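Quick notes on the structure that follows.
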Amino acid sequence: MRVVRVLLGLAAVAAAAGCAVGSAATTVDEARALTAPLEQASSAVGTATLATELLGDGRSIAAVTDTALLDQVHVLEEAADAVATFVPADGTGAAWQADALTAVRDAQLAVADARGWANGAGADEAAVVAALDASATALDSLTATLDEVTGG
Amino acid sequence: MILGDLLDAPVNGPDDEPLGYVVDVRFVLDGPLDGTLAAPRLHGLLVSARTGTSFLGYERTGVRSPALVARWLRWRHRGTFLVHWQDVQAVEPGAVRLRDGYRRYSPDLPGRPSQRPDLHRAT
Amino acid sequence: MNLPPDEHPPGLVLDARLHLLDRQVLDVDGVPVCTVDDLEVHGVDGSDLPDGSRPAVVTSLLSGAVLATRVFGGRPPSSRWHRIRWTHVADVGTTVALGVRGDTLDVTWTERWVRDRVIGRLPGGRHDPG
Amino acid sequence: MKRLLGVALGILTAIGGFLDIGDLVTNAVVGSRFGLSLAWVVVVGVVGICLFASMSGRVAAVSGRATFEIIRERLGPRAAGANLTASFLINLLTLTAEVGGIALALQLASSVEPRLWIPVAALALWLVVWRTKFSTMENVTGLVGLTLVVFAVAVFLLGPDWSELADQAFSPAVPAAEGHAVYWYYAIALFGAAMTPYEVFFFSSGAVEERWTVKDLAQSRLNVLVGFPFGGILSIAIAACAAIVFLPAGIEVSSLSQIVLPVALAGGKLALAVVIVGIVAATFGAALETSLSSGYTLAQFMGWSWGKFRRPAQAARFHLTMIVCILVAVGVLMTSVDPIKVTEFSVVFSAIALPLTYLPILIVANDPEYMGEHVNGKVTNALALVYLVIIVTASVAAIPLMIATGAGS
């Protein structure tokens with residue numbers, strides 16, 4: 001019985017800790033909370049670029065690239081969700097959130113375009129890759145800005 | 001009676017002093033012939049001060065390895081003893097009582113290294 | 001503390017928990033039947049509640065519904081035991097071997113029910129794999 | 001000549017059968033986040049599974065008793081029942097992950113969404129369990145699974161900076177971007193992926209299925225001691241592929257489609273086709289092993305008739321158990337749960353449950369009543385005790401680490 005009580009106690013502490021992160025108190029915490037979904041989004045864009053280039057070079061088949069891009073659409077959805085549900089404490093945080101949301105939305109657009117191209121719809125490879133690169137650059141520079149705040 | 005009635009039952013001495021619990025029941029295949037085998041005759045009870053843990057037989061067999069596991073389990077069940085069935089005065093609901101002048105024996109299994117002689121090289 | 005050694009009994013020595021309970025029971029063809037969940041003990045005079053005044057012997061292996069009470073405690077109603085008479089036991093080693101076929105025993109009724117109602121009715125269920 | 005072929009076949013199927021969805025996913029995730037700095041865990045895990053599998057195989061060959069019969073006999077109904085509950089549920093979780101893995105791999109080949117593949121995969125799975133001979137099943141999935149060697153080939157084709165990879169592997173350090181708790185959490189996940197308990201249920205029951213005797217001990221030892229380390233090398237190759245391509249780009253692996261991209265980069269369409277075939281074979285083989293393990297564990301605990309060498313009607317409850325488990329796995333997957341997430345949980349829970357199966361096997365392998373002169377030697381026991389400590393430590397640390405790291409996120 002004692003073990004159960006200790007476990008319940010631990011669970012309560014863990015839950016409380018989880019809530020504390022949800023309502024970030026300091027600017028550093030805010031920056032950190034936004035960095036995670038941005039890194040997730042860069043990872044998705046990086047994967048999408050690789051999958052697209054492989055198909056363009058004839059090293060991948062359409063089904064694999066299509067699946068890889070679809071998986072990245074889901075990853076970006078998760079990232080966008082994390083940014084959109086973030087509650088900023090002040091004006092700086094709100095501005096960061098707006099920038100992050102734009103960057104992630106642009107990434108979603110770029111990956112969706114890439115998937116359209118992989119399935120033979122419009123655009124050309126160069127344009128698709130350029131859009132992905134631009135999105136990656138935007139995500140990276142925003143992450144760099146936030147990193148300066150967190151000191152990471 | 002089923003064996004479940006005996007196993008883990010508390011054991012009391014002739015003056016109702018608690019001695020421990022029945023951790024196992026020893027049978028010997030020398031009862032009256034029943035089918036192809038002799039019926040297992042109830043030979044005695046193994047009594048330990050502790051109950052509720054699996055002791056995996058280490059306190060009764062000659063197995064000494066792996067050394068750490070064997071030593072720990074033997075230590076947990078130190079003080080286990082055997083009493084003969086003849087020394088059991090009564091099996092009451094929830095308790096076993098021993099008769100006056102009962103004797104304790106070593107719980108070691110006599111001469112029983114392996115039931116698979118085919119697995120031992122001829123010595 | 002050195003206890004005197006027990007006299008060396010003439011027959012094979014079996015500790016119930018160590019050598020009988022939870023052992024696999026195999027029928028005469030080597031087919032698994034059940035595990036030993038409990039043992040039924042009677043006095044040699046047939047009494048159901050023996051004590052040390054007269055010898056007692058194992059008359060049956062018990063299996064089936066006894067498992068639940070062994071895990072969760074309590075005493076099973078005797079109507080729900082499945083008995084395998086000791087007469088049918090042919091050998092005791094790392095398994096308990098019977099001298100009869102498992103299909104003839106009450107304890108395998110669930111196996112037969114599942115075979116007759118489910119598995120035996122699916123196509124290929126009664127053929128050798130291959 | 002025939003004997004030599006038999007030996008080669010045994011080793012090759014052991015290599016091909018070593019990898020499953022857990023190894024694929026965990027190694028790729030770890031490679032993309034930690035490089036090769038956790039490769040040592042794979043080595044520790046492979047030595048452990050060699051020790052554990054050869055011990056349970058020896059017990060099964062000498063005594064004819066499979067793992068769960070022994071667990072029940074040694075631990076009694078209560079402890080063994082708790083053990084069964086845990087092992088059975090984790091095995092079911094692993095089965096679910098493997099079936100999901102088959103569907104994801106087929107999606108890679110077809111673009112058809114996994115939910116449409118799941119029932120197809122499950123039906124194929126059941127048909128093989130129902131009708132195919134044990135040895136055919138083992139050999140075919142094992143040999144086709146060997147195509148995963150393409151991961152090792154890909155590492156060479158990618159032309160990595162070998163000194164950097166060696167540096168990661170031989171002087172492991174926690175990467176700057178990751179915390180220590182996360183590092184150790186993934187160490188436990190990798191250990192669980194390499195030492196999944198179902199492999200032991202399957203291995204010991206398989207020894208009974210194939211009627212191994214003392215005469216087959218040398219062959220079985222060879223299969224394990226040569227086959228599993230090669231399987232371990234393939235695991236490290238998967239991590240290396242991810243470390244070479246994804247780690248510098250800051251890409252985190254979260255799907256099966258990412259795992260095959262380095263192979264495509266290295267070897268083009270042909271290599272890609274080969275790796276997809278390999279993943280289908282590996283996950284299908286592991287799905288078969290886990291389906292059978294669900295039947296083995298329950299039937300052996302209850303004392304039911306079991307085994308693929310019998311007609312299904314002669315092992316009715318065993319076959320019914322497998323049918324129900326496959327249906328449950330399909331039901332869970334149809335809720336659109338992510339099979340990769342299921343996999344990540346299944347390997348960690350495997351690590352948690354390891355001591356439950358490991359200890360009884362160790363004790364019986366020392367019991368002359370079962371083993372006669374084939375009891376463990378001194379060296380085996382010394383090593384086995386070291387592993388007992390490692391396994392218990394990993395098991396105890398797993399849950400706190402899981403909570404502290406939010407399951408590695």
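Throughout, protein chains are lettered first and strands after them, A, B, ... in sequence-line order, and every chain is numbered starting at 1. Just so it is clear, the model here is predicted, and its values are computed rather than measured.
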Identify which part of [X] has an atom lying under 4.5 Å from any heavy atom of chain C, answering side chain, backbone, both or neither.
X     : answer
B:R99 : neither
B:Q86 : both
B:A90 : backbone
B:L82 : side chain

Can you measure from [atom1] ([X]) to [atom2] ([Y]) and round to the nearest 0.5 angstrom?
X     : Y     : atom1 : atom2 : answer
C:S60 : B:I2  : OG    : CD1   : 12.0 Å
B:R26 : C:D15 : CZ    : CG    : 4.0 Å
B:R97 : C:D51 : CZ    : CG    : 11.0 Å
C:R70 : B:D8  : CZ    : CG    : 10.0 Å
C:L61 : B:L3  : CG    : CG    : 11.0 Å
B:L29 : C:W86 : CG    : CH2   : 5.5 Å

Which atoms of [X] are under 4.5 Å from chain B, going by heavy atoms: the side chain, the backbone, both sets, or neither?
X     : result
C:D37 : neither
C:D38 : side chain
C:L62 : side chain

Heavy-atom pairs under 4.5 Å with chain C: which of B:P40, B:A38, B:S106 has the most?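 Answer, by heavy-atom pair count under 4.5 Å with chain C: B:P40.
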Can you tell me which of B:L37, B:L42, B:V88 forms the most heavy-atom pairs within a distance under 4.5 Å of chain C?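 Top option by heavy-atom pairs under 4.5 Å: B:L37.
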Indicate yes or no: at least one non-hydrogen side-chain atom of [X] is less than 4.5 angstrom from one of [Y].
X     : Y      : result
C:V92 : B:F27  : no
B:P32 : C:V57  : yes
B:D34 : C:V58  : no
C:L3  : B:Y105 : no
C:D6  : B:H84  : yes

Backbone N/O of [Y] and side chain of [X]: donor-acceptor pair under 3.5 Å:
X     : Y     : result
B:D24 : C:A16 : yes
B:W85 : C:S53 : no
C:R17 : B:V23 : yes

For chain B, the option from C:D91, C:L20, C:T87 that forms the most heavy-atom pairs under 4.5 Å: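 Ranked by heavy-atom pairs under 4.5 Å with chain B, first place is C:T87.
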